[in-house]
Asker: 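Dumping the structure here so I can ask a few things about it.
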Amino acid sequence: MADASIFDRLKQDHDTHRQLFDKMADAEREKNEERLEKLFEQFKVEVTAHAAAEEESLYATMLSRPDLREDAQHSVSEHKEIDDYLEELADLKFNGEAWRKKFAEMKKRYLHHIEEEEEEMFPTAAKDLSAEEEAKLGKLFAKRKPAELERAQAED
């Protein structure tokens with residue numbers, strides 16, 4: 001993925017997040033609480049790092065462009081909403097009734113967010129960015145994400 005565009009990299013992460021949700025659902029069905037907790041912790045670290053690297057690369061660029069600013073602001077606010085859900089989940093008994101309800105809400109919001117990005121925001125942004133800019137942002141994201149993963153793991 002050395003020359004992948006920012007959109008390819010972000011979609012690849014989104015696919016990873018969807019797979020983690022599927023694995024968590026499997027662990028829930030299997031009543032494997034230990035596996036569920038490990039997968040949830042992995043999701044938290046991954047989605048936190050993804051959002052930070054996305055904001056530092058694509059959204060920073062979009063915020064500087066009047067035609068794209070509103071979409072970027074909307075997505076940043078949705079990142080904050082997901083972060084708030086993760087904080088609320090941290091205060092609840094893991095996998096208890098209240099936790100499961102809050103997790104289901106967060107999952108629904110997050111899946112809506114990434115669908116909206118992929119189907120609406122990315123195509124709009126792609127029209128405004130050159131192929132060179134997309135590649136440059138992809139490289140920046142690839143550089144920022146490992147640093148953000150490290151930071152997110154340290155906070156966890």
Side-chain angles (χ1 to χ4, degrees), residues 1-25 28 39-92 94 98-156:
M1 270 211 133
D3 292 334
S5 80
I6 185 67
F7 305 115
D8 293 333
R9 290 185 186 281
L10 294 172
K11 284 181 178 180
Q12 182 182 42
D13 272 10
H14 292 170
D15 289 344
T16 297
H17 303 161
R18 289 182 187 100
Q19 289 169 358
L20 285 167
F21 280 137
D22 290 345
K23 289 177 182 179
M24 283 186 265
E28 181 71 33
L39 289 165
F40 177 68
E41 292 303 320
Q42 182 183 349
F43 173 80
K44 274 189 348 189
V45 166
E46 175 63 35
V47 79
T48 301
H50 167 86
E54 184 175 40
E55 289 174 13
E56 293 169 17
S57 57
L58 179 61
Y59 293 169
T61 300
M62 289 177 67
L63 286 168
S64 72
R65 298 185 183 199
D67 292 352
L68 300 176
R69 187 173 297 133
E70 191 176 322
D71 282 345
Q73 289 170 333
H74 176 76
S75 285
V76 168
S77 72
E78 287 185 344
H79 283 184
K80 171 70 171 112
E81 181 183 5
I82 299 303
D83 195 46
D84 290 346
Y85 272 111
L86 293 173
E87 285 183 26
E88 290 177 49
L89 285 164
D91 293 336
L92 299 172
F94 179 78
W99 186 94
R100 284 193 302 273
K101 184 178 179 193
K102 186 62 64 179
F103 176 80
E105 289 173 21
M106 186 270 308
K107 178 181 175 181
K108 181 178 178 181
R109 290 296 300 137
Y110 185 70
L111 290 173
H112 166 78
H113 167 72
I114 61 177
E115 181 180 305
E116 190 174 59
E117 281 186 332
E118 291 176 358
E119 293 180 10
E120 298 171 23
M121 191 188 75
F122 293 173
T124 299
K127 290 176 189 169
D128 202 76
L129 299 172
S130 69
E132 295 79 26
E133 287 173 309
E134 286 184 34
K136 180 179 160 214
L137 290 172
K139 287 177 185 168
L140 177 59
F141 180 82
K143 181 180 176 188
R144 290 300 313 143
K145 176 110 185 271
E148 291 300 334
L149 277 171
E150 209 172 286
R151 188 183 59 72
Q153 287 167 333
E155 289 178 2
D156 199 38

Asker: Any luck finding a side-chain donor-acceptor pair between H74 and E78 under 3.5 Å?
Answerer: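 Distance-only check passes for H74 and E78.
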
Asker: Applying side-chain contact (heavy atoms from CB on, under 4.5 Å), run through F141 and E56 and close with a yes or a no.
Answerer: CA-CA 8 Å; F141 180 82; E56 293 169 17; over 6 Å; no

Asker: Residues two or more places apart in sequence or in another chain: which of them pass side chain to side chain donor-acceptor pair (under 3.5 Å) with E55?
Answerer: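 Counting only residues at least two positions away or on another chain, E55 forms a side chain to side chain donor-acceptor pair (under 3.5 Å) with H79.
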
Asker: Give a yes-or-no answer on whether the side chains of H50 and E148 include a donor-acceptor pair shorter than 3.5 Å.
Answerer: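 Distance-only check fails for H50 and E148.
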
Asker: Hey, does K102 have a side-chain heavy atom less than 4.5 Å from the side chain of W99?
Answerer: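 Not touching, per the 4.5 Å side-chain cut-off.
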
Asker: For R109, what residues pass the side chain to side chain donor-acceptor pair (under 3.5 Å) criterion, not counting sequence neighbours?
Answerer: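 With neighbours one apart ignored, the set is E81.
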
Asker: Suppose we screen for side chain to side chain donor-acceptor pair (under 3.5 Å). Which residues come up paired with E132, at least two apart in sequence or across chains?
Answerer: S130

Asker: Below 4.5 Å, heavy atoms only, C-beta onward: do Y110 and H14 meet side chain to side chain?
Answerer: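 Touching, per the 4.5 Å side-chain cut-off.
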
Asker: Would you call the rings of F40 and F94 parallel, tilted or perpendicular, taking 30° and 60° as the class edges?
Answerer: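 Rings of F40 and F94: tilted, as their planes differ by 30° to 60°.
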
Asker: Donor-acceptor pair, distance only, cut-off 3.5 Å: does the side chain of T48 make one with the backbone of V45?
Answerer: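 Here the side-chain-to-backbone pair does not exist.
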
Asker: Among all residues two or more places apart in sequence or in another chain, which pass the side chain to side chain donor-acceptor pair (under 3.5 Å) test with K145?
Answerer: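 K145: side chain to side chain donor-acceptor pair (under 3.5 Å) contacts with D13, E46.
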
Asker: Could I get the full list of salt bridge (Lys or Arg N to Asp or Glu O under 4.0 Å) partners for R65, not counting sequence neighbours?
Answerer: D128, E133

Asker: Starting from the C-alpha separation in whole Å, work towards a yes-or-no answer on salt bridge (Lys or Arg N to Asp or Glu O under 4.0 Å) for E105 and K108.
Answerer: CA-CA 5 Å; E105 289 173 21; K108 181 178 178 181; over 6 Å; no

Asker: By salt bridge (Lys or Arg N to Asp or Glu O under 4.0 Å), which residues pair with R18, not counting sequence neighbours?
Answerer: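 Once residues adjacent in sequence are excluded, the partners of R18 under the salt bridge (Lys or Arg N to Asp or Glu O under 4.0 Å) criterion are D15, E118.
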
Asker: Relative to each other, are the rings of F43 and F21 parallel, tilted or perpendicular (30° and 60° limits)?
Answerer: tilted

